[in-house]
Amino acid sequence: MLLSMATLQEKIAAERSGRAMLESGGLRQPDHVEYGYTCIRFFWDQEKLVLVIDIDEPPERFERVGVDLADAAREEPLGGADMP
C-alpha cells in the first residue's frame with residue numbers, strides 16, 4: 001500500500017496561505033511552524049495554541065484527534081445554535 005504525503009511545494013503554499021490569512025485577519029504570526037506528512041502546524045507558545053492545516057487526506061487507519069473545523073462549520077452556524 002502506497003501512503004500519500006503532501007509535497008514540499010504543497011506545504012510551502014499552505015504555509016504562505018495560512019500566514020496571509022492570519023495577516024488579513026489582524027492576527028500575529030505563529031512562533032514556529034512544523035510540516036507533517038499530510039498537514040502543517042502553526043504554534044503560538046504563550047497561548048499554548050496549535051492550528052493544524054490539513055493539506056490532503058491522511059492514509060487509511062490514521063487516527064484523527066480533535067475536530068475538523070470545516071465539518072463543524074457545516075454542521076453548526078457561526079456563533080452557535082443559541083445565536084439569533
Side-chain angles (χ1 to χ4, degrees):
M1 179 175 149
L2 183 62
L3 297 178
S4 173
M5 186 170 130
T7 66
L8 180 58
Q9 287 177 326
E10 291 172 316
K11 293 171 187 179
I12 292 170
E15 179 180 354
R16 287 180 178 159
S17 176
R19 287 181 178 278
M21 175 187 66
L22 293 170
E23 185 175 334
S24 71
L27 302 171
R28 77 178 182 86
Q29 294 297 309
D31 295 312
H32 61 278
V33 178
E34 287 183 355
Y35 288 7
Y37 287 107
T38 63
C39 67
I40 63 169
R41 295 177 284 274
F42 288 174
F43 290 83
W44 290 266
D45 296 332
Q46 184 176 357
E47 295 84 356
K48 297 181 181 177
L49 178 71
V50 177
L51 171 64
V52 178
I53 300 174
D54 288 324
I55 299 171
D56 56 7
E57 289 300 314
E60 289 181 34
R61 298 183 297 181
F62 185 83
E63 180 183 351
R64 286 188 181 266
V65 177
V67 175
D68 184 323
L69 297 179
D71 290 342
R74 285 190 289 273
E75 293 171 5
E76 186 172 313
L78 187 61
D82 297 336
M83 298 292 290

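For the numbers below, each heavy atom of this structure counts, side chains included, while hydrogens, waters and symmetry mates do not.
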Taking a hydrophobic cluster as the set of Ile, Leu, Val, Met, Phe, Trp and Tyr residues connected by side-chain heavy atoms closer than 4.5 Å, whether directly or through intermediates, do [X] and [Y] fall within one such cluster?
X     : Y     : answer
Tyr35 : Phe42 : yes
Met21 : Ile12 : yes
Val33 : Leu51 : yes

**Asked** For Arg28, does the CZ atom have more than 12 heavy-atom neighbours from other residues, nucleotides or ligands under 6.0 Å away?
**Response** yes

**Message:** Looking at Glu23, I want to see if its CD is surrounded by more than 12 non-hydrogen atoms of other residues, nucleotides or ligands under 6.0 Å.
**Reply:** no

**Request:** Going by the side chain to side chain contact (heavy atoms under 4.5 Å, CB included) test, name the single residue among Val50, Leu22, Asp45, Ile40 that passes it with Pro30.
**Result:** Leu22

**Message:** For Leu49, give me all partners under side-chain contact (heavy atoms from CB on, under 4.5 Å), at least two apart in sequence or on another chain.
**Reply:** Trp44, Glu47

**Message:** Using 0.5 Å steps for rounding, measure from the SG atom of Cys39 to the CD1 atom of Ile53.
**Reply:** 9.0 Å

**Request:** Would you give the length of the straight line joining atom CZ of Arg41 to atom NE2 of His32, rounded to the nearest 0.5 angstrom?
**Result:** 9.5 Å

**Prompt:** Salt-bridged, Glu15 to Lys11, with N to O below 4.0 Å?
**Reply:** no

